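Every value quoted in this text rests on a predicted model; they were computed, and no experiment measured them.
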Amino acid sequence: MSALVSIEGLSVALPPGADRRFAVEDVSLQVGADQIVCIVGESGSGKSVAAHALMGLLPRGLAAVSGRILFQGRDLLAQSAQDWRQTRGADIAMIFQDPMAALNPVMPIGRQITEQIRAHRSIGEGAALAEAGVLLAQMGLAPQLLRAFAHQLSGGQRQRVMIAMALSLSPRLLIADEPTTALDVTTQAQILALVKKVQAERQMSVLFITHDFGVVSDIADHVAVMREGRIVESGPAAVVLDSPRDAYTRALIAAVPRLSGSPAPLAPQKPLLAVAGLSKSYRSGGFFGRRATPALDRVSLTLQRGETLGVVGESGSGKSTLARCIIRLVDSDAGEVLFDGADLARMGPRGLRAQRRRIQMVFQDPFSSLNPRHTVGEIVTAGPRAHGEPGDAALAQAAEMLRLVGLDAAALSRYPHEFSGGQRQRIGLARALMLRPDVLIADEPVSALDVTVQAQVLDLLDQVRRKMNLAMLFITHDMRVAARICHRVMVMRHGRVVEEGPTATLFAAPKSDYTGQLLAAIPGRTWLEA
């Protein structure tokens with residue numbers, strides 16, 4: 001197969017003082033015509049830097065680049081700025097990881113698509129807008145969305161708009177940089193199917209960047225595994241997935257959660273937490289046209305000591321609202337939240353303050369939930385100090401708690417930005433555990449983490465649950481993650497409980513068609529079960 005792109009000995013230097021010398025070091029890789037090539041690796045492996053080099057998006061003057069990137073025989077690294085403007089979009093297009101950050105928030109979607117078309121072609125606004133409508137239709141979107149703004153679209157819709165923009169000039173190479181990382185499993189499956197469909201229809205090549213080997217098994221013809229800037233293994237996808245040679249590749253594959261081996265349900269005992277008929281609606285619109293959107297509709301659940309109950313469902317299913325109503329960050333409209341016999345839903349501020357230390361929460365985004373101006377010591381000891389614990393005693397407890405979650409006590413004097421995503425999640429967990437809670441609510445705690453870091457955090461959560469005999473409510477949209485850690489699973493959709501039961505039983509024989517759809521959409525399910 002002839003190579004559309006040939007990367008030869010590409011190296012991109014990092015600034016002085018970085019933790020290593022090169023972001024990308026001596027990388028050689030080919031992307032054949034009409035081929036999907038996946039680059040796999042953890043954060044910091046150099047995947048995105050290599051993609052940005054292909055697009056000419058590396059910061060000029062800051063990144064020393066050597067090697068060659070041949071596209072249809074011409075060296076892209078030798079191009080002028082004017083040549084790059086012609087190459088981007090027309091020859092090589094890119095789908096970025098975060099469409100919300102890549103789309104202009106004050107410009108309608110249609111205008112953003114036509115702007116790119118008209119920058120490369122002599123075409124009127126009306127004709128360009130008509131082409132944009134056709135592109136949206138091909139992505140499965142209504143033409144009316146041309147007038148919408150980015151914040152008015154769902155995550156999956158925004159990603160489809162990004163694909164439409166990337167295809168607007170019929171490029172020969174499409175670069176997709178982690179385009180499905182933060183999406184629900186069903187939306188993720190739709191985006192992967194869409195990428196494969198347009199690749200086949202347009203006979204173009206795709207360079208797909210991901211950290212998920214399940215995605216690789218669904219989409220890739222060829223795969224290259226990167227670690228610390230270097231390619232450690234490369235070959236046909238089927239060969240690398242089934243017979244990996246490199247120890248790092250084997251470790252990445254081993255860290256992918258499987259659907260088998262779920263924890264057995266615990267022997268029934270008196271529930272520590274019992275939610276009954278919990279309902280919550282959000283109201284929007286003007287004074288005369290206010291409407292109520294139900295987020296929770298008579299949700300009930302029980303949770304006992306030592307048990308992990310998984311709450312799974314897509315975005316908008318009510319999972320996070322349920323967590324916030326239980327912990328009283330949001331007040332419910334109706335229903336009971338009985339914690340050790342006391343109703344938290346109707347409890348006054350003084351009683352709630354006393355009970356809150358017994359129910360703690362780990363949030364989805366550890367960076368935004370940690371105060372960037374406070375040290376880790378200040379963050380972790382805030383809870384005990386608020387409840388009257390002396391500062392020295394709280395710091396001693398914090399050092400012990402950091403060791404429990406796998407961090408050194410020296411972290412107490414550092415700030416959140418000095419840590420990786422996985423380390424920040426450990427800090428968030430340490431903060432939650434400082435008050436020795438009876439119930440821990442974990443809201444999507446591993447959704448944005450690399451697969452190996454994800455496995456470490458899941459193992460840590462399970463170890464802490466067993467050691468402290470915690471009851472844990474674990475919220476996720478990833479069925480594989482739920483299978484790894486949860487004794488029971490509750491499936492939610494549109495604010496209602498669809499079904500609930502022991503994890504292994506529910507996954508093996510789902511009673512609801514919706515649960516079956518979620519399971520069928522898991523990336524790489526055929527490979528995972530082989």
Side-chain angles (χ1 to χ4, degrees), residues 1-7 10 27-41 45-48 50-55 69-72 89 91-97 138-140 156 159-160 162-181 183 187-226 231-244 249 252-253 256 451 521-528 530:
M1 179 181 293
S2 60
L4 176 71
V5 177
S6 182
I7 301 173
L10 178 67
V27 164
S28 296
L29 179 69
Q30 290 190 339
V31 181
D34 305 335
Q35 187 182 43
I36 298 178
V37 174
C38 277
I39 300 180
V40 190
S45 63
K47 311 184 301 293
S48 293
H52 288 166
L54 262 168
M55 286 289 288
I69 301 177
L70 300 179
F71 178 79
Q72 293 183 321
D91 293 326
I92 305 174
M94 190 166 182
I95 307 168
F96 295 92
Q97 179 173 354
Q138 291 173 348
M139 299 302 110
Q159 203 58 280
R160 288 169 185 265
M162 288 296 299
I163 297 174
M165 290 178 67
L167 298 178
S168 63
L169 296 169
S170 300
R172 294 292 303 129
L173 175 67
L174 178 66
I175 302 172
D177 187 3
E178 298 270 17
T180 62
T181 296
L183 300 179
T187 307
Q188 183 182 60
Q190 293 165 8
I191 295 298
L192 292 175
L194 183 59
V195 169
K196 290 181 69 173
K197 175 174 174 285
V198 297
Q199 183 268 337
E201 290 177 351
R202 295 175 178 244
Q203 296 184 316
M204 65 182 182
S205 302
V206 176
L207 184 65
F208 198 102
I209 296 168
T210 183
H211 64 257
D212 189 337
F213 266 101
V215 171
V216 171
S217 70
D218 277 352
I219 200 170
D221 300 312
H222 189 94
V223 60
V225 182
M226 288 190 71
I231 292 179
V232 298
E233 183 164 359
S234 180
V239 174
V240 173
L241 287 168
D242 296 336
S243 305
T249 307
L252 287 180
I253 291 175
V256 178
V451 65
I522 293 172
R525 183 176 181 183
T526 303
W527 167 67
L528 288 169

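Looking at heavy atoms from C-beta onward, Val40 lies out of side-chain contact with Val215 at the 4.5 angstrom threshold. Contact check for Val5 versus Phe71: side-chain heavy atoms found under the 4.5 Å cut-off. Using a 4.5 Å heavy-atom threshold, the side chains of Val27 and Met226 count as touching. By the 4.5 Å heavy-atom criterion applied to side chains, Met204 and Ile36 are not counted as neighbours. By the 4.5 Å heavy-atom criterion applied to side chains, Glu233 and Val240 are counted as neighbours. Using a 4.5 Å heavy-atom cutoff, the side chains of Leu167 and Met139 are in contact. Put simply, the side chain of Leu29 reaches to within 4.5 Å of the side chain of Ile39, judged on heavy atoms. Counting only heavy atoms from C-beta outward, the side chains of Leu173 and Ser205 approach each other to under 4.5 Å.
Under the side chain to side chain donor-acceptor pair (under 3.5 Å) criterion, Asp218 pairs with no residue at all, not counting sequence neighbours. By the salt bridge (charged side-chain N to carboxylate O under 4.0 Å, His left out) test, Asp221 pairs with no residue at all, sequence neighbours left out. Residues passing the salt bridge (charged side-chain N to carboxylate O under 4.0 Å, His left out) test with Lys197 are Glu201, sequence neighbours excluded.
Taking CE of Met162 as the reference point, atom CE of Met165 lies at 6.0 Å (rounded to 0.5 Å). Rounding to the nearest 0.5 Å gives a distance of 7.5 Å between NZ of Lys47 and CG of Asp177. Rounding to the nearest 0.5 Å gives a distance of 6.5 Å between CD of Glu178 and OG of Ser48. Interatomic distance, Ile7 CD1 to Leu207 CG, rounded to the nearest 0.5 Å: 6.5 Å.
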Checklist entry - Do Phe208 and Val37 pass the side chain to side chain contact (heavy atoms under 4.5 Å, CB included) test, and can you show the C-alpha distance, the side-chain angles, and the key distance before you say yes or no? => result CA-CA 6 Å; Phe208 198 102; Val37 174; over 6 Å; no
Checklist entry - Given the rule in the side chain to side chain contact (heavy atoms under 4.5 Å, CB included) test, do Ile219 and Cys38 qualify, once you have shown the distances and angles that lead to the verdict? => result CA-CA 8 Å; Ile219 200 170; Cys38 277; 3.7 Å; yes
Item to check | side chain to side chain contact (heavy atoms under 4.5 Å, CB included) assessment of Leu54 paired with Ile175 | outcome: CA-CA 9 Å; Leu54 262 168; Ile175 302 172; 3.8 Å; yes
Item to check | side chain to side chain contact (heavy atoms under 4.5 Å, CB included) evaluation trace for Gln138 with Val198 | outcome: CA-CA 9 Å; Gln138 291 173 348; Val198 297; over 6 Å; no
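A donor-acceptor pair under 3.5 Å is absent between the side-chain atoms of Gln159 and the main chain of Thr180, judged by distance alone.
Taking every heavy atom of both residues into account, Ser234 and His222 meet most closely at OG-NE2, 2.9 Å. When all heavy atoms are compared, the tightest approach of Leu169 to Gly89 is CB-O, 3.4 Å. The heavy-atom pair separating Trp527 from Gly214 by the smallest distance is CZ3-N, 4.0 Å. Closest approach of Ile231 and Ser28 over heavy atoms only: CD1-O, 3.6 Å. Closest heavy-atom contact between Ala237 and Ala220: CB-O, 3.5 Å. Closest heavy-atom contact between Pro244 and Ile253: CG-CD1, 3.9 Å.
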